[in-house]
Enquirer: 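Before we start, here is the structure in question, set down as structure tokens.
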Amino acid sequence: MAGSVPPSLQLQSLAALGERHPDLVVEVAHPKIIQESGAEILRYADLLVGSPSALADQTTEQQLLEASHRWSHAVFVARGALWGTEDITRLDEAGGLQSLRVTMATHPDGFRLEGPLATAHSTRPRTVLYEGPVRGLCPFAPRNSNTMAAAALAAPSLGFDRVIGVLVADFRLLPAPLQAGDPSLLRSFLIPKRTSSTHLPPHHQGPAAALASVSPDLPPVLVNIGGSSPRVVWCLITSLPL
């Protein structure tokens, strides 16, 4: 933040959070932040959990629930790439959701795995690294299981123990050079010239056309799907840093 954020706006320690009187704290760092400081943050402000895999830890989830009730602050959960969250929730509330399975596939270079999964090797073009309850995956793939965690939260009748997560390493997907984060390279790969896809129907244009159709000027959309405190709100951020 040096040189771009005034020192007066920098918070060097979360212990001093109460001195700033924030309305909302947004976590987009790592689930450990929620596990270690989430309940304390709720003492002073509403909390947007950007790493919902943190809630796979039952102690953390209970601490947030208790702190939310005690301090009357809301917990928001970012749904990330989980399109159809509201439909999942409505189906669950109606008693019509018997099972839910979420498969996430990416190039192996896109994973940031821990524990036993960190030593797993992909010897084929497509390798299933994990298949089982989402609760068992989150501790070892905290950065690659957030969408699955959002699904578990969207379907509380199933939860982290009955929503099945499948993590797949696929060499045919996003190649390693793009994982370096070069915006110009990513832009050229994802968004083609207009003449290259206009002849395709929308469902065949793929992610490039989908990204090109999203206006970066649209504000975040907040949809309340919770009926009582602590509230759960799914947040869709439409702006993309391309």
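The residues of the chain are indexed from 1 along the displayed sequence. These figures come from a predicted structure and were not determined experimentally. When reading the values below, keep in mind they use all heavy atoms of this one structure, side chains included, and skip hydrogens, waters and symmetry mates.
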Enquirer: Do Ser51 and Asn146 meet the criterion of a side-chain donor-acceptor pair at a distance under 3.5 Å?
Expert: no
Enquirer: More than 12 heavy atoms of other residues, nucleotides or ligands under 6.0 Å from CD of Gln10: yes or no?
Expert: yes
Enquirer: Remaining members of Val5's ILVMFWY cluster at a side-chain heavy-atom cut-off under 4.5 Å?
Expert: Met1, Leu9
Enquirer: Taking the side chain as C-beta and beyond, is there a heavy-atom pair between Asp170 and Thr106 under 4.5 Å?
Expert: no
Enquirer: If I take atom CG from residue Leu113 and atom OH from residue Tyr130, how far apart are they, to the nearest 0.5 angstrom?
Expert: 12.5 Å
Enquirer: Does the ring-ring contact (aromatic ring centres under 6.0 Å, His included) test come out yes or no for Phe171 and His107, once each step is laid out?
Expert: CA-CA 5 Å; Phe171 281 98; His107 189 282; 5.5 Å; yes
Enquirer: Kindly determine whether Glu66 and Gln62 satisfy side-chain hydrogen bond (donor to acceptor under 3.5 Å, both in side chains), including the steps that lead there.
Expert: CA-CA 6 Å; Glu66 293 175 356; Gln62 186 61 34; 3.1 Å; yes
Enquirer: With sequence neighbours left out, which residue pairs that include part of residues 118-137 fulfil the salt bridge (Lys or Arg N to Asp or Glu O under 4.0 Å) condition?
Expert: Arg101-Glu131, Arg135-Asp161
Enquirer: Kindly say whether Leu42 contributes a backbone atom to a donor-acceptor pair with the side chain of His73 at under 3.5 angstrom?
Expert: yes
Enquirer: Quick one: does Ser99's side chain get under 4.5 Å of Arg162's, heavy atoms only?
Expert: no
Enquirer: Taking only Lys NZ, Arg NE, NH1 and NH2, and the carboxylate oxygens of Asp or Glu, determine whether Glu27 and Lys32 approach each other closer than 4.0 Å.
Expert: no
Enquirer: When rounded to the nearest 0.5 angstrom, what distance separates CG in Asp87 from CG in Leu82?
Expert: 10.0 Å
Enquirer: Could you tell me if the side chain of Asp46 sits less than 4.5 Å from the side chain of Val25, heavy atoms only?
Expert: no
Enquirer: For Arg112, does the CZ atom sit with more than 12 other heavy atoms under 6.0 Å from it, leaving out its own atoms?
Expert: no
Enquirer: Is any side-chain heavy atom of Leu55 closer than 4.5 Å to one of Leu153?
Expert: yes
Enquirer: If you count every heavy atom of other residues, nucleotides or ligands that lies below 6.0 Å from Arg143 atom CZ, does the total exceed 12?
Expert: yes
